[in-house]
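Everything on this sheet refers to the single structure shown next.
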Amino acid sequence: MLAHVADTNGFVAAIRRILKDDGVAVIEAPYIEPLIEHCEFDTIYHEHLCYFSVTALDKLFRRHGLYLNEIKHLAVHGGSLRLYVELEERVDASVKTQLAHEKARGLDRIGYFRDFSARVDTLKRELSRLLRSLKSQGASIAAYAAAAKGATLLNTVGIDRNLVDFVVDRNVHKQGKYMPGQQLPIRPTEALLEVQPDYVLLLAWNFADEILDQQREYRARGGKFIIPIPWPTVI
């Protein structure tokens, strides 16, 4: 929950207080570099208060007498870090290499982030253009996953019922409800085979491999998926 708390310093100070002398705090958090590089703007939403670089994390933990001694890169959420934090300093190559990489790439300077907004605007225009072009050709379009990132993408791009007919999700507690903002109805995933829309906008693109595998029959019938991030692509 490190990226979710308002009092980041208080949270880390509490980790320092409760950690045993030989203990290891293992934390996972989204990583800022793939977010910026892959234009993952839909990962930015209300419960994510921080987006960390290794440079920032190293400084944060050292401020409270802790040491980021190891990191592992994870694919989840478009790119995340697993952090291994201890009271004893024994920083290994995984951290040192990443710190050097970030310095070389400029992640410790504002210039690295300056064109992110412009790239987001370009992606938004291209996704909107693609959806409108498909609809003008008579195609039917649904969306997959009533996720927080999906709500962010739909509302940021302005994808309403004129472009997408409905959203499907496996979570029974979401079915029968509506997506915030655009009010798209949420149906069970079985609706893809019942209706067989021509295209499905994959809102949970970070789980693309898993979802595409689940939807083998829909795809075998000719259905296609639209992957919106890092660039709108039809597969």
Side-chain angles (χ1 to χ4, degrees), residues 1-45 47-120 123 147-149 152 204-213 227-231 233:
M1 303 303 291
L2 184 63
H4 295 225
V5 294
D7 182 8
T8 307
N9 283 290
F11 189 81
V12 175
I15 293 174
R16 170 67 177 82
R17 182 172 181 175
I18 66 174
L19 197 62
K20 289 183 177 181
D21 290 344
D22 61 348
V24 181
V26 183
I27 303 164
E28 291 183 9
Y31 185 31
I32 189 66
E33 185 178 25
L35 186 153
I36 297 296
E37 293 292 326
H38 302 154
C39 213
E40 298 169 0
F41 71 92
D42 56 343
T43 303
I44 302 172
Y45 50 85
E47 67 187 54
H48 292 167
L49 302 181
C50 295
Y51 301 86
F52 294 108
S53 64
V54 176
T55 302
L57 288 164
D58 183 62
K59 293 179 183 295
L60 172 65
F61 291 122
R62 286 178 181 274
R63 181 183 299 157
H64 298 282
L66 292 167
Y67 298 96
L68 178 58
N69 287 334
E70 182 184 358
I71 60 171
K72 292 182 179 177
H73 291 268
L74 309 174
V76 69
H77 297 310
S80 299
L81 295 173
R82 182 175 294 153
L83 317 169
Y84 296 83
V85 180
E86 300 173 88
L87 292 170
E88 180 183 347
E89 183 175 9
R90 46 184 177 188
V91 181
D92 78 359
S94 64
V95 177
K96 294 176 181 178
T97 300
Q98 201 64 27
L99 288 172
H101 167 79
E102 289 187 357
K103 187 172 184 61
R105 293 281 291 142
L107 266 73
D108 57 344
R109 297 184 295 277
I110 191 63
Y112 177 79
F113 304 91
R114 286 197 188 279
D115 70 339
F116 179 58
S117 177
R119 290 192 292 117
V120 170
L123 190 154
K149 61 164 28 72
T152 299
W205 49 263
N206 50 316
F207 295 111
D209 290 344
E210 176 184 338
I211 293 170
L212 293 174
D213 184 61
I227 312 296
I229 305 291
W231 189 253
T233 305

I want to check something: taking the side chain as every heavy atom from C-beta on, are Lys149 and Tyr45 in contact at a cut-off of under 4.5 Å?
yes
Could you check whether Arg62 pairs with Glu89 (Lys NZ or Arg NE/NH1/NH2 to Asp/Glu carboxylate O, under 4.0 Å)?
yes
Please check this pair: side chain of [X] against backbone of [Y], looking for a donor-acceptor N/O pair closer than 3.5 Å.
X: Arg119; Y: Ile36; value: yes
X: Ser94; Y: Ile71; value: yes
X: Glu102; Y: Val54; value: yes
X: Asn69; Y: Val24; value: no

Please round to the nearest 0.5 Å and tell me the distance separating atom [atom1] of [X] and atom [atom2] of [Y].
X: Leu99; Y: Asp108; atom1: CG; atom2: CG; value: 10.0 Å
X: Asn206; Y: His38; atom1: CG; atom2: NE2; value: 13.0 Å
X: Lys72; Y: Leu83; atom1: NZ; atom2: CG; value: 12.0 Å
X: Ile15; Y: His64; atom1: CD1; atom2: NE2; value: 9.5 Å

Stepwise side chain to side chain contact (heavy atoms under 4.5 Å, CB included) check, Tyr112 with Ile32
CA-CA 11 Å; Tyr112 177 79; Ile32 189 66; 5.7 Å; no
Distance-minimising heavy-atom pair for [X] and [Y]:
X: Pro34; Y: Gly79; value: CG-CA, 3.8 Å
X: Glu86; Y: Leu19; value: CA-CD2, 4.3 Å
X: Leu123; Y: Ile229; value: CD1-CD1, 3.9 Å
X: Phe61; Y: Val12; value: CD2-CG1, 3.7 Å
X: Gly78; Y: Trp205; value: CA-CZ3, 3.7 Å
X: Ala3; Y: Pro30; value: CB-CD, 4.3 Å

Does CG in Asp21 sit with more than 12 non-hydrogen atoms of other residues, nucleotides or ligands closer than 6.0 Å?
no
So for atom CG, which belongs to Asp7, do other residues, nucleotides or ligands contribute more than 12 heavy atoms lying within a distance under 6.0 Å?
yes
Show, in sequence, the C-alpha distance, side-chain angles and deciding distance for Tyr31 and Gln98, and conclude whether the side-chain hydrogen bond (donor to acceptor under 3.5 Å, both in side chains) test is met.
CA-CA 12 Å; Tyr31 185 31; Gln98 201 64 27; 2.9 Å; yes
